[in-house]
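Naming convention: chains lettered A, B, ... in sequence-line order (proteins, then strands); numbering from 1 in each chain. In this text, all values refer to a predicted model and were calculated from it rather than measured experimentally.
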2 protein chains.
Amino acid sequence: MAGSPSYKERKVITIGVVSELTGLSERQIRYYEERKLIFPERSPKGNRKYSFLDVEQLMDIANKREEGVQTYEIRQEMLRKERKEAKLNRKELLRGEINARFGIQRE
Amino acid sequence: MAGSPSYKERKVITIGVVSELTGLSERQIRYYEERKLIFPERSPKGNRKYSFLDVEQLMDIANKREEGVQTYEIRQEMLRKERKEAKLNRKELLRGEINARFGIQRE
DNA sequence: CGTGTAAGGAATTCTGACACG
DNA sequence: CGTGTAAGGAATTCTGACACG
């Protein structure tokens, strides 16, 4: 259930459509990739493909940019969140291992 | 909740990607549109755009075609299902109207 | 730093048509 | 009927660069 192939995550949208959807220029979208804020996949011949999640993230980025936040700051914030999530994941993993070894005690 | 703008229904996928996703040729995909089995939207400049739902429907169509079902048959089946659903919708609508006028009787 | 733009080429998509069957 | 293909043109996308600031 956590790893289901959701429509939201499938990378299938071309840059032109992403531009329509977000109101950002293709130049901006490519630049945010260069700054490692967004990670499209590539089609066999090299065309960028984005997911709906990417589109949402781009809209968040656009909002922050309008508030004057620099791409570098946005990047740092992203990394902080990732580390926090990784921490939570390790915690859950540990809990799972403990359960696997000692079983569920109650009942 | 029935009319939420789901990712599954948003028409954002170009024909090339749909071709990759379904394994169908672009020729086939355009032909099924001509036969009224599929209804892409168009971008401002006329490029077809499909949804994930369209992609799934195309895979269903592909399966039926492999079984030898003709596009005309597939079309008829589609229309039958649509009429059936329209009937159910009218039924629910009626139920709603009755409730609105007479209220929920129990309690 | 963030974005626009012109440049040149390659890949995409579109339509209408001919072909085969 | 269903699909392939060649045709010609228009729109898309890509990269690297110059510009401004």
Side-chain angles (χ1 to χ4, degrees), chain A residues 10-52 54-80, chain B residues 10-52 54-80:
Chain A
R10 301 279 314 262
K11 309 234 177 191
V12 296
I13 313 177
T14 53
I15 195 165
V17 178
V18 172
S19 176
E20 288 174 27
L21 257 30
T22 59
L24 295 168
S25 70
E26 298 185 10
R27 181 70 171 93
Q28 288 174 306
I29 297 168
R30 292 195 194 100
Y31 180 67
Y32 298 153
E33 176 182 358
E34 190 183 321
R35 301 312 311 270
K36 296 186 188 306
L37 300 181
I38 202 84
F39 307 92
E41 288 180 2
R42 296 282 181 140
S43 75
K45 295 126 186 175
N47 285 15
R48 274 167 264 249
K49 292 192 300 186
Y50 302 83
S51 67
F52 283 112
D54 291 331
V55 170
E56 290 183 12
Q57 285 174 179
L58 281 168
M59 298 182 88
D60 288 345
I61 293 168
N63 287 334
K64 285 178 188 153
R65 284 290 306 124
E66 276 176 32
E67 294 167 16
V69 184
Q70 294 195 332
T71 58
Y72 179 78
E73 304 297 333
I74 301 175
R75 169 87 173 139
Q76 294 306 312
E77 210 181 305
M78 269 183 54
L79 293 176
R80 262 177 262 130
Chain B
R10 302 278 315 261
K11 308 236 177 190
V12 297
I13 314 178
T14 53
I15 196 165
V17 178
V18 172
S19 176
E20 288 175 26
L21 256 31
T22 60
L24 294 168
S25 69
E26 298 185 9
R27 181 69 171 95
Q28 289 174 306
I29 297 168
R30 292 195 194 100
Y31 180 67
Y32 298 153
E33 176 183 357
E34 189 183 321
R35 301 311 311 272
K36 298 188 188 304
L37 300 181
I38 202 84
F39 305 93
E41 288 180 1
R42 296 282 180 140
S43 76
K45 294 128 189 174
N47 285 16
R48 274 167 264 249
K49 293 191 298 186
Y50 302 84
S51 67
F52 283 112
D54 291 330
V55 169
E56 290 184 11
Q57 285 175 176
L58 281 168
M59 298 182 87
D60 288 345
I61 292 168
N63 286 333
K64 286 180 188 154
R65 284 291 305 125
E66 275 176 32
E67 292 166 19
V69 185
Q70 295 194 332
T71 58
Y72 178 78
E73 304 298 332
I74 300 174
R75 169 87 173 139
Q76 294 305 313
E77 209 181 304
M78 270 181 54
L79 293 176
R80 262 178 262 130

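In this structure, A:V12 and A:K49 have side chains that are not in contact, with every pair of non-hydrogen atoms separated by 4.5 Å or more. Between A:S19 and A:I29, the closest side-chain pair of non-hydrogen atoms falls below 4.5 Å. Two residues are said to be in side-chain contact when any heavy atoms from C-beta on lie closer than 4.5 Å; A:I61 and A:L58 meet this criterion.
Whole-Å rounding puts the A:R30 CZ to D:dT13 P distance at 8 Å. Protein atom CD of A:E66 is 14 Å distant from nucleotide atom C1' of C:dG2, rounded to whole Å. The CZ-P distance, from B:R65 to D:dG2, rounds to 5 Å in whole Å. The nearest whole Å value for the distance from the CZ atom in B:R27 to the P atom in C:dC14 is 13 Å. One atom, CZ of A:R42, and another, P of D:dT13, lie 12 Å apart when rounded to the nearest Å. Distance, A:Y32 OH to C:dT3 C1': 8 Å, rounded to whole Å. The distance between atom CG of B:L24 and atom P of D:dG4, rounded to the nearest whole Å, is 9 Å. Atom CD of A:E33 and atom C1' of D:dC14 are 11 Å apart (whole Å).
In terms of heavy atoms, A:L37 sits closest to A:T71 at CD2-O, 3.8 Å. The two residues B:F39 and B:K11 have their closest heavy-atom pair at O-NZ, 2.7 Å.
Nucleotide D:dG8: paired with C:dC14 (Watson-Crick or G-U wobble, both distances less than 3.5 Å). The base-pairing partner of C:dT3, taking Watson-Crick or G-U wobble contacts with both distances under 3.5 Å, is D:dA19.
With sequence neighbours excluded, the residues forming a side-chain contact (heavy atoms from CB on, under 4.5 Å) with B:E33 are B:I38, B:P40, B:R42, B:R48, B:Y50, listed by chain and number.
Salt-bridge formation is detected for the pair A:K64/A:E77: a Lys NZ or Arg NE/NH1/NH2 atom is positioned less than 4.0 Å from an Asp or Glu carboxylate oxygen.
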Please list, for nucleotides 9-12 of chain D, all pairs of protein and nucleotide N/O atoms separated by less than 3.5 Å.
residue, atom, partner, partner atom, Å
D:dT12, OP2, B:K45, NZ, 3.2

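An OP1 or OP2 oxygen of D:dT3 is reached within less than 4.0 angstrom by no side-chain nitrogen or oxygen of B:Y31.
Residue-to-nucleotide proximity on DNA chain C shows that, of A:T71 and B:R48, the 5′-proximal contact is made by A:T71.
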